[in-house]
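Only one structure is covered here, and it is reproduced in the block below.
A, B, ... follow the sequence lines: proteins, then strands. Residue 1 opens every chain. Only heavy atoms go into these numbers, but all of them, side chains included; no hydrogens, no water, no symmetry mates.
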Number of protein chains: 2
Amino acid sequence: MKMTEGVEWTAHACALLAALPPGIGLPANALAEFHALAPAYMAKHMQALARGGVVESVRGAGGGYRLARPATDISLWDIVEAIEGAEPAFRCSEIRQQGPCVTPNGDFRKPCEIHSAFGKAEMAWRAHLKSVSLADIATEVTRKSSPQKRAAVTVWLQEKLA
Amino acid sequence: MKMTEGVEWTAHACALLAALPPGIGLPANALAEFHALAPAYMAKHMQALARGGVVESVRGAGGGYRLARPATDISLWDIVEAIEGAEPAFRCSEIRQQGPCVTPNGDFRKPCEIHSAFGKAEMAWRAHLKSVSLADIATEVTRKSSPQKRAAVTVWLQEKLA
DNA sequence: CTATTGCGGACATTTAGCATCCGGATTATA
DNA sequence: TATAATCCGGATGCTAAATGTCCGCAATAG
Ligand code: FES
Ligand code: FES
């Protein structure tokens, strides 16, 4: 039950993009640099985000990644889905259909109780992630950060966007 | 984000134990046989359940595993915790403390928004699993199974408990 | 004493995650 | 038009974890 590191990486990257003026983006290299992450691997993750429709890519000089939608319309679940896929963590291999006591006319149309319990738990998890938007996160992070921090970020951004 | 197969294996094994008369158990071999699972690996998982306090082990001839508590007091989360551990799936490596814009007096006592959002989602997931007991599952499974199936299980159990 | 059973460690195999690199395509800019 | 910046997808290697087996030891019932 471990989530890929890439989720933390890309969630923070998206939070940074969400703090930018709408339509403005950053190249993958800059997004990696901002959190001191491996640039090549970050690039891979950003490609996955683009395939998942969370960000848009702009190729060529001056290009980069920007949010594909307003930050209010992007949830943490969208990011998880793009990076990890939509497969449930609990994978049922229908072991109830195996063994010495399976009856030939066994009725397996009804879902397994265990399977559905885990399914519902996972839906609760997803629902919570869907309820948190990038805008929520970006505003909270900005509100909580010190003036020095904000200034440092502004300077860095001006250099990167120049 | 994948859960170990062992959770499905042991959850079904515990459901079987919950259907037995209180205090009665089965050896790991029988639990594996019932769902046609790899006996040696099932034994490993049952040891983990015992370490986690979900089942009790009885050594020696005629021994085996039985539930450590009434089935109403054992939840699916107890099983997940015993097999997978209590570590959250989302592991924050505090990447916000890295990069060119971190201020020396950065205040990282406040939790990261992203981190806490994932933490809350995971708590919702656990809460749902904690709300489902083995007794719930065992009664539902028994209720839904056909008379032939119940008869086959009874015969098999008599052979194993003899 | 012997057969049964759980316990823990060692070990091998397979799979998934982490990370890098490269060639090709696209585009702004000089 | 030439050049540099940038994304894209695939190939590749490395590491960690999950999967699965085996063995010797300890406990216990008969
Ligand atoms: S058969 Fe897969 S969870 Fe029950
Ligand atoms: S620093 Fe780890 S989730 Fe924000």
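- Side-chain proximity of A:Ala38 to D:dT19, C:dT20, C:dG6: nearest is C:dT20.
- Rounded to an integer number of Å, the gap from CE of A:Met46 to P of D:dC8 is 9 Å.
- For A:Ser57, a side-chain nitrogen or oxygen approaches OP1 or OP2 of D:dC8 to under 4.0 Å.
- Comparing atom distances between the B:Ala50 side chain and each of C:dC18, C:dC7, C:dT5 picks out C:dC7 as nearest.
- Rounded to an integer number of Å, the gap from A:Glu84 CD to C:dA16 P is 13 Å.
- A:Leu161 is connected to A:Met46 through a chain of hydrophobic side-chain contacts under 4.5 Å among Ile, Leu, Val, Met, Phe, Trp and Tyr, so both are in one cluster.
- Using the six-membered ring where Trp is involved, A:Phe34 and A:Trp156 have ring planes that are tilted, between 30° and 60° apart.
- In this structure, B:Trp125 and B:Trp77 have perpendicular ring planes: the angle between them is above 60°, well past the 30° mark.
- What separates CE of A:Met42 from P of D:dC7 is a distance of 11 Å, to the nearest Å.
- Atom CG in A:Leu26 sits roughly 16 Å away from atom P in D:dA5 (whole-Å rounding).
- A search for side-chain hydrogen bond (donor to acceptor under 3.5 Å, both in side chains) contacts involving B:Glu122 returns nothing, not counting sequence neighbours.
- Note: NZ (B:Lys2) to C1' (C:dT14) measures 12 Å, nearest angstrom.
- In this structure, B:Asp78 does not pair ionically with B:Lys130, as no charged nitrogen and carboxylate oxygen lie closer than 4.0 Å.
- A donor-acceptor pair under 3.5 Å is formed between the side chain of A:Glu84 and the backbone N or O of B:Met1.
- Linking Ile, Leu, Val, Met, Phe, Trp and Tyr residues whenever their side-chain heavy atoms come within less than 4.5 Å leaves A:Leu129 and B:Met123 in two separate clusters.
- Residues A:Arg91 and A:Val58 both approach DNA chain D. Their nearest nucleotides, taken by heavy-atom distance, put A:Val58 toward the 5′ side.
- Summarising the geometry, the separation between CG on A:Asn29 and C1' on D:dC7 is reported as 11 Å, rounded to the nearest angstrom.
- Counting non-hydrogen atoms under 4.0 angstrom, A:Gly64 reaches the backbone sugars and phosphates but no base.
- In this structure, the CG atom of B:Leu31 is 12 Å from the C1' atom of C:dT5, given to the nearest Å.
- No salt bridge links A:Glu8 with B:Arg91; every basic N to acidic carboxylate O contact stays at or beyond 4.0 Å.
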Between the protein and nucleotides 9-13 of chain D, which nitrogen or oxygen pairs are less than 3.5 angstrom apart?
unit_1	atom_1	unit_2	atom_2	d
D:dG9	OP2	A:Arg51	NH1	3.0
D:dG9	N7	A:Gln47	OE1	3.3
D:dG10	O6	A:Lys44	NZ	2.6

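- Along DNA chain C, the nucleotide nearest to B:Met1 and the one nearest to B:Tyr65 differ in position, and the one closer to the 5' end is contacted by B:Tyr65.
- Between B:Glu5 atom CD and D:dT19 atom C1' there is a gap of 8 Å when expressed in whole angstrom units.
- Residue contacts for B:Ala28: at a heavy-atom cut-off of 4.0 Å it reaches the sugar-phosphate backbone alone, with no base atom in range.
- Residues B:Lys160 and B:Glu33 are paired through a salt bridge, judged by an N-O separation under 4.0 Å between the basic side chain and the carboxylate.
- In B:Lys149, the NZ atom is crowded: over 12 heavy atoms of neighbouring residues, nucleotides or ligands sit closer than 6.0 Å.
- Ranking C:dG6, C:dG17, D:dC7 by closeness to the A:Tyr41 side chain, first place goes to C:dG17.
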I'd like a list of close polar pairs between nucleotides 24-26 of chain C and the protein, N/O only, cut-off under 3.5 Å.
unit_1	atom_1	unit_2	atom_2	d
C:dA25	N3	A:Arg59	NH2	3.4

